[in-house]
2 protein chains.
Amino acid sequence: MRGFLAVTKALSDSNRVRALMALRGRELCVCQIVELLGLASSTVSKHMSLLEQARLVERRKNGRWVYYRRPQGKVHKEASEALRWLDESLARDRDVREDAKRIREVLKIPVEELCSVGGGK
Amino acid sequence: MRGFLAVTKALSDSNRVRALMALRGRELCVCQIVELLGLASSTVSKHMSLLEQARLVERRKNGRWVYYRRPQGKVHKEASEALRWLDESLARDRDVREDAKRIREVLKIPVEELCSVGGGK
DNA sequence: ACGTAAATTCGCCATATGGCGAAATGGGGT
DNA sequence: ACCCCATTTCGCCATATGGCGAATTTACGT
């Protein structure tokens, strides 16, 4: 029950859900998620660690940057079922689609540039 | 997205989840849910109306009593997928099992008696 | 019509949650 | 060794949430 509630609570905030949907099939750096959601990095950090505690994402550190991705390999069944449900429910969602478009733009900017100046500049 | 979040928020409280699991395969009167959860009836009422808004339960009025049940017939897909996931995740949950046992006891008491004196008396 | 009683609605309180900015942390690069 | 800078942690604030009890609503049964 605890684990299940951790998952449902993690999924009950729109910014966390958007982040999770943005992580479909790719990993993203924190600064990219900040760019996508338009929130302070401290807020994003809190969101992502909540998702991590619910086993919905994995953290990978690469130098100064931290990347988040959906769980790879030995996935907790609780989390994988939740992600499957999430995807089925929101694959065609309007907001999610718009985010997907924005993500493609954000990905064109090299990480160094995106982080360093703090935006699209 | 709104609908999805309504569902995840509804599922992110343990008392609501317990109520939903208690409604597997049967309908229950509000007073029976009060008895199961050990909460004030006003609190249970609030919980149930939140579940109803998320389309996870239906309300049926019968005389002075109000019964809740899982959606019948033309079920919103959003809700039915959520309920399937819920059941798969928690069918073997320890708390849910204990509730199931208690429910069987509560069901032995006629509704008139359960409501009228306010408990097992 | 009137009383009774189940359920809901209404205040109210305590705690949880989501947000920011400032300070702390930790990995390069020079 | 030192600085830089992405990320996290720490305070702090505003709002949301879950809980209760009191008041209101609604529908039977006299």
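Remember, it's a predicted structure, so these values are computed and weren't measured experimentally.
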Checklist entry - How long is the gap from CZ on B:Arg104 to CZ on B:Arg26, to the nearest 0.5 Å? => result 7.5 Å
Item to check | CZ on A:Arg18 to NE2 on A:His47, rounded to 0.5 Å | outcome: 10.5 Å
Checklist entry - Which parts of nucleotides 13-24 of chain D does protein reach within less than 4.0 Å, heavy atoms only, written one letter per nucleotide 5' to 3' as B for base, S for sugar-phosphate only and - for none? => result -----BBBBB--
Checklist entry - Near DNA chain C, which residues from residues 54-64 of chain A have a heavy atom under 4.0 Å away? => result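 Those residues whose heavy atoms fall under 4.0 Å from DNA chain C, taken from residues 54-64 of chain A in numerical order, are A:Lys61, A:Gly63, A:Arg64.
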Checklist entry - Using a cut-off of less than 4.0 Å, is there contact between a side-chain N or O of A:Tyr68 and OP1 or OP2 of D:dA6? => result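 Indeed not, no polar side-chain atom of A:Tyr68 lies that close.
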Checklist entry - When you check the phosphate oxygens OP1 and OP2 of C:dA6, does a side-chain N or O of B:Tyr67 lie under 4.0 Å from one of them? => result no
Checklist entry - Among B:Leu83, B:Asn15, B:Asp87, B:Leu90, whose side chain to side chain contact (heavy atoms under 4.5 Å, CB included) with B:Leu20 holds? => result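 That would be B:Leu83; it is the only one of B:Leu83, B:Asn15, B:Asp87, B:Leu90 passing the side chain to side chain contact (heavy atoms under 4.5 Å, CB included) with B:Leu20.
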Checklist entry - Pick one: which of A:Ile103, A:Asp93, A:Asp99, A:Leu86 meets side chain to side chain contact (heavy atoms under 4.5 Å, CB included) with A:Met21? => result A:Leu86
Next on the checklist: Below 30° counts as parallel, above 60° as perpendicular, anything between as tilted: where do the rings of B:Trp85 and A:Phe4 land?
Outcome noted: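 The rings of B:Trp85 and A:Phe4 sit tilted, inter-plane angle from 30° to 60°.
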Checklist entry - Does B:Glu105 pair with B:Lys108 as a salt bridge, N-O distance under 4.0 Å? => result yes
Next on the checklist: One pair to check against side chain to side chain contact (heavy atoms under 4.5 Å, CB included): A:Glu88 and A:Arg84. What are the steps and the verdict?
Outcome noted: CA-CA 6 Å; A:Glu88 282 172 11; A:Arg84 201 164 55 74; 3.1 Å; yes
Next on the checklist: For the CZ atom on B:Arg70, are there more than 12 heavy atoms of other groups (residues, nucleotides or ligands in this structure) within a distance under 6.0 Å?
Outcome noted: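 Buried by this count: over 12 neighbours within 6.0 Å.
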Item to check | Atom-to-atom span, CH2 of A:Trp65 to C1' of D:dT8 - whole angstrom | outcome: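 To the nearest whole Å, that distance equals 17 Å.
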